[in-house]
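Structure record follows, encoded as structure tokens.
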Amino acid sequence: MSSFLAYLGGNPLLVCFLLVVIFLIAFFLGHETGVIRAKMGEKSRIRAEREDAVKKSRAVIGGQVGEQLAPFLPDFPCNAGDVRFVGKPVDFVGFVGASEGKAIKEVLLIEVKTGKATLSEREEQIKKAVEAGRVRYVEYRVPRR
């Protein structure tokens, strides 16, 4: 160190100044490196989130198309002409026998699912209400004035 101090003219203030400058340069370079790495990580995260959003969007659209086509697919529980699209909280209400002009044999609440989709909490509640027989037909008359 004494030879370095002698090289700088023996001025300890100059040595301190140079050490501070070196520290500031190292700090700045480290900070900029961190910023660049963070931006690269953010770009990667954004790309992954976009890919995930597109994947989910495709699944939703595929499910909606599946819902609309379901009455025309094999093994659908009733004739396509017997169903009416509701959408929420169930997809269809089926009136078995209606399209053939026959007596209604059965009323079906039909929920269409694709892939690994499961019933929502509300759909599960409806299913349990029907299975428990908590279903009734209500006639409502609009009051006259």
Side-chain angles (χ1 to χ4, degrees), residues 1 4-5 7-8 11-145:
M1 180 78 172
F4 182 67
L5 188 57
Y7 176 75
L8 295 174
N11 188 344
L13 288 176
L14 184 59
V15 171
C16 286
F17 175 75
L18 287 175
L19 288 175
V20 168
V21 168
I22 290 170
F23 172 78
L24 289 174
I25 290 171
F27 178 80
F28 176 76
L29 289 175
H31 179 267
E32 289 304 307
T33 301
V35 168
I36 290 169
R37 285 186 177 169
K39 285 181 180 177
M40 289 173 60
E42 185 176 351
K43 286 180 181 178
S44 175
R45 180 185 55 79
I46 289 171
R47 186 179 309 114
E49 287 176 357
R50 285 181 179 163
E51 288 173 3
D52 185 54
V54 167
K55 188 177 181 181
K56 288 179 180 176
S57 177
R58 285 183 182 151
V60 168
I61 291 170
Q64 290 172 340
V65 169
E67 282 178 2
Q68 296 298 317
L69 294 177
F72 305 101
L73 297 175
D75 300 326
F76 193 74
C78 63
N79 186 320
D82 291 345
V83 296
R84 301 297 174 262
F85 181 75
V86 178
K88 293 287 179 192
V90 295
D91 293 322
F92 296 96
V93 176
F95 304 94
V96 179
S99 64
E100 300 161 355
K102 297 179 181 177
I104 305 294
K105 299 176 196 170
E106 184 178 24
V107 176
L108 304 174
L109 299 181
I110 304 167
E111 181 61 35
V112 177
K113 294 292 180 194
T114 59
K116 296 179 182 178
T118 59
L119 293 177
S120 70
E121 184 178 338
R122 178 65 67 199
E123 293 164 348
E124 193 67 45
Q125 291 169 354
I126 293 168
K127 179 181 177 183
K128 287 179 181 176
V130 170
E131 289 172 345
R134 298 187 319 264
V135 180
R136 58 194 178 112
Y137 182 90
V138 177
E139 182 178 332
Y140 174 75
R141 294 193 180 268
V142 178
R144 290 186 175 185
R145 288 189 169 192

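For clarity, every value in this text was computed on a predicted model and none was experimentally measured.
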Can I get a per-line list of side-chain donor-acceptor pairs under 3.5 Å for residues 54-74, giving both atom names and the distance, sequence neighbours left out?
| from | atom 1 | to | atom 2 | distance (Å) |
| --- | --- | --- | --- | --- |
| K56 | NZ | D52 | OD2 | 3.3 |

### Message
The criterion is side chain to side chain donor-acceptor pair (under 3.5 Å); which residues satisfy it with R45, sequence neighbours excluded?
### Response
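In terms of side chain to side chain donor-acceptor pair (under 3.5 Å), with neighbours along the sequence ignored, R45 is linked to E49.
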### Query
Sequence neighbours excluded, which residues qualify as side chain to side chain donor-acceptor pair (under 3.5 Å) partners of R141?
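Partners of R141 by the side chain to side chain donor-acceptor pair (under 3.5 Å) criterion, ordered by chain and then number, come out as E139.
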### Query
Can you pull the salt bridge (Lys or Arg N to Asp or Glu O under 4.0 Å) pairs that have at least one residue in residues 93-103, sequence neighbours excluded?
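For residues 93-103, and leaving out neighbouring residues, the salt bridge (Lys or Arg N to Asp or Glu O under 4.0 Å) pairs sorted by first residue read E100-K102.
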Qualifying residues under side-chain contact (heavy atoms from CB on, under 4.5 Å), relative to [X], sequence neighbours excluded:
X    : result
I36  : M40
K113 : E111, A117, L119, E123
V20  : L24
T114 : none

### Task
State which residue, out of V107, I126, V130, L109, fulfils the side chain to side chain contact (heavy atoms under 4.5 Å, CB included) condition with V135.
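The side chain to side chain contact (heavy atoms under 4.5 Å, CB included) with V135 is passed solely by V130 among V107, I126, V130, L109.
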### Query
What residues form a salt bridge (charged side-chain N to carboxylate O under 4.0 Å, His left out) with E51, not counting sequence neighbours?
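Salt bridge (charged side-chain N to carboxylate O under 4.0 Å, His left out) list for E51, sorted by chain: empty.
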#### Entry: Residues forming a ring pair (Phe, Tyr, Trp, His ring centres under 6.0 Å) with F85, sequence neighbours excluded
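Per chain and number, F85 pairs via ring pair (Phe, Tyr, Trp, His ring centres under 6.0 Å) with F92.
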### Shortest non-hydrogen separation from G94 to V83 and the atoms involved
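Looks like CA-CG1, 3.9 Å.
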#### Entry: Reported CD-to-CD distance for the pair E121 and Q125, which is rounded to 0.5 angstrom
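Result: 5.0 Å between the selected atoms.
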### Message
According to side chain to side chain donor-acceptor pair (under 3.5 Å), does anything in residues 80-91 pair up with another residue at least two apart or in another chain? List the pairs.
### Response
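Every side chain to side chain donor-acceptor pair (under 3.5 Å) pair that includes a residue of residues 80-91, provided the two are not neighbours, is D82-S99.
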### Query
How far apart are the C-alpha atoms of V93 and I110, what are their side-chain angles, what is the distance that settles it, and do they pass the side chain to side chain contact (heavy atoms under 4.5 Å, CB included) test?
CA-CA 6 Å; V93 176; I110 304 167; over 6 Å; no
